[in-house]
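Residue numbers start from 1 in every chain, and the chains themselves are labelled A, B, ... in the order their sequence lines are given, proteins ahead of strands.
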Number of protein chains: 2
Amino acid sequence: MSDSQARFEQLIAKLRTSEYRLTPQRVELIRLIAASDGHPSASELYNQIKVQFPTMSLATVYKTLDLLKELGEVLEIGLRDDSHYDGNKPYPHPHLICMKCQKIMDGELELAVKNIVQEVEQNFGFQILKHQLDFYGLCPDCQKQKE
Amino acid sequence: MSDSQARFEQLIAKLRTSEYRLTPQRVELIRLIAASDGHPSASELYNQIKVQFPTMSLATVYKTLDLLKELGEVLEIGLRDDSHYDGNKPYPHPHLICMKCQKIMDGELELAVKNIVQEVEQNFGFQILKHQLDFYGLCPDCQKQKE
DNA sequence: AATTTGTAGAGAATTATTATCCATAACGAG
DNA sequence: CTCGTTATGGATAATAATTCTCTACAAATT
């Protein structure tokens, strides 16, 4: 069984045990989220869904994403212009955003993040509950095309 | 001479040498930005200015902030809902944002930031041009009020 | 099957920001 | 000091993402 299928079933199970209704719209959105290895935005998800569910509305996408956020199963990457969502790593982690191709990569830096969070808490007496660490620049691919 | 006055004159000089016009509106905005030790938002600045310049429009605030951004004299802290601006430290630095009182503090962590940026560049081959590091939680004051 | 209640859909509302257009004010030239 | 050029400010409309409102329907419960 593929990872995305496992993730799909995990999310479905979560919804079911949380006593939320399993509507076709939700199932489809969850399927897409589990299948996506990237960081889709609400409107990207909406456009994909519209193919199969022409009646689906953007508001429903937002509602369902909010639901999954509440359940802690989706991380909202709240960028200034429009948000993107990560349904596979629903905990804060750094993102590397290419300023040329707009690709969003995950930064696997658990140790470094833990260190810097600890430093902030110690130096400033701040109790950190979540964080958003975004690095903007050029991804390896776009550096090669150098232009 | 106070720091804010020095900063004010520095910004005025920068505008003048950049061959931009020194309008009363710009002078007043710059005065406020230099005087603020915090991280005002566009509308906060607008509300302060309106007292003296009732005709000032919000668009003008944005235009002037954009101008100062271009000159590299103001840092935009692009939060999801509305942006805030820092006219005294116009280079990327971490921010600590209190989820209760909404206060924004600066994180002075130059070494730690340099380290994590370096780690990102090495581990992922990403060339980092700027970053935005936001830590959300409870400031010392709000922790004391524990509620 | 009836009832209650959650949810989807349509579209309006909200909010931050940007663009347009024109009268006016700033500033260098004379 | 005045004038003319031209950037700039103000009003307003446009955009865009997101949220709200309301209604009808669908799902679970009885």
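Here A:Arg31 pairs with A:Glu28 under the salt bridge (Lys or Arg N to Asp or Glu O under 4.0 Å) rule; sequence neighbours left out. With sequence neighbours excluded, the residues satisfying salt bridge (Lys or Arg N to Asp or Glu O under 4.0 Å) with B:Asp106 are B:Lys89. Listed by chain and residue number, B:Asp141 satisfy the salt bridge (Lys or Arg N to Asp or Glu O under 4.0 Å) test with B:Lys103 (two or more places apart in sequence, or in another chain). Scored by the salt bridge (Lys or Arg N to Asp or Glu O under 4.0 Å) test, A:Lys14 finds A:Glu73 as partners (sequence neighbours excluded).
Within the structure, no pair that satisfies the ring pair (Phe, Tyr, Trp, His ring centres under 6.0 Å) test touches residues 46-89 of chain A, not counting sequence neighbours. Pairs of residues two or more places apart, or lying in two chains, that qualify as salt bridge (charged side-chain N to carboxylate O under 4.0 Å, His left out) and include a residue from residues 45-69 of chain B are B:Asp66-B:Lys69, B:Lys69-B:Glu76.
Other members of the cluster containing A:Met105 are A:Leu96, A:Leu109, A:Val113, A:Ile116, A:Val117, A:Val120, A:Phe124, A:Phe126, A:Ile128, A:Leu133, A:Phe135, B:Leu96, B:Met105, B:Leu109, B:Val113, B:Ile116, B:Val117, B:Val120, B:Phe124, B:Phe126, B:Ile128, B:Leu133, B:Phe135, with ILVMFWY side chains joined at under 4.5 Å, either directly or via other members. Residue A:Tyr91 is found outside any hydrophobic cluster, as its side-chain heavy atoms come under 4.5 Å of no other Ile, Leu, Val, Met, Phe, Trp or Tyr. The hydrophobic side chain of B:Val51 is isolated, with no ILVMFWY side chain under 4.5 Å apart from it.
A 4.0 Å heavy-atom criterion places the boundary nucleotides of DNA chain D facing chain A at D:dA17 to D:dA27, written 5' to 3'.
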Protein-nucleic acid N or O pairs under 3.5 Å, nucleotides 16-18 of chain C:
unit_1	atom_1	unit_2	atom_2	d
C:dT17	OP1	B:Ser83	N	2.9
C:dT17	OP1	B:Ser83	OG	3.2
C:dT17	OP2	B:Tyr62	OH	2.2
C:dT17	O5'	B:Tyr62	OH	3.2

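Side chain A:Lys63 to base C:dG6: no donor-acceptor pair is found below 3.5 Å.
By the criterion of side-chain heavy atoms lying less than 4.5 angstrom apart, applied directly or through intervening Ile, Leu, Val, Met, Phe, Trp or Tyr residues, B:Leu75 is not grouped with B:Leu65; the two fall into different hydrophobic clusters.
Scanning residues 16-32 of chain A for heavy-atom distances under 4.0 Å to DNA chain C yields A:Tyr20, A:Arg21, A:Thr23, A:Gln25, A:Arg26.
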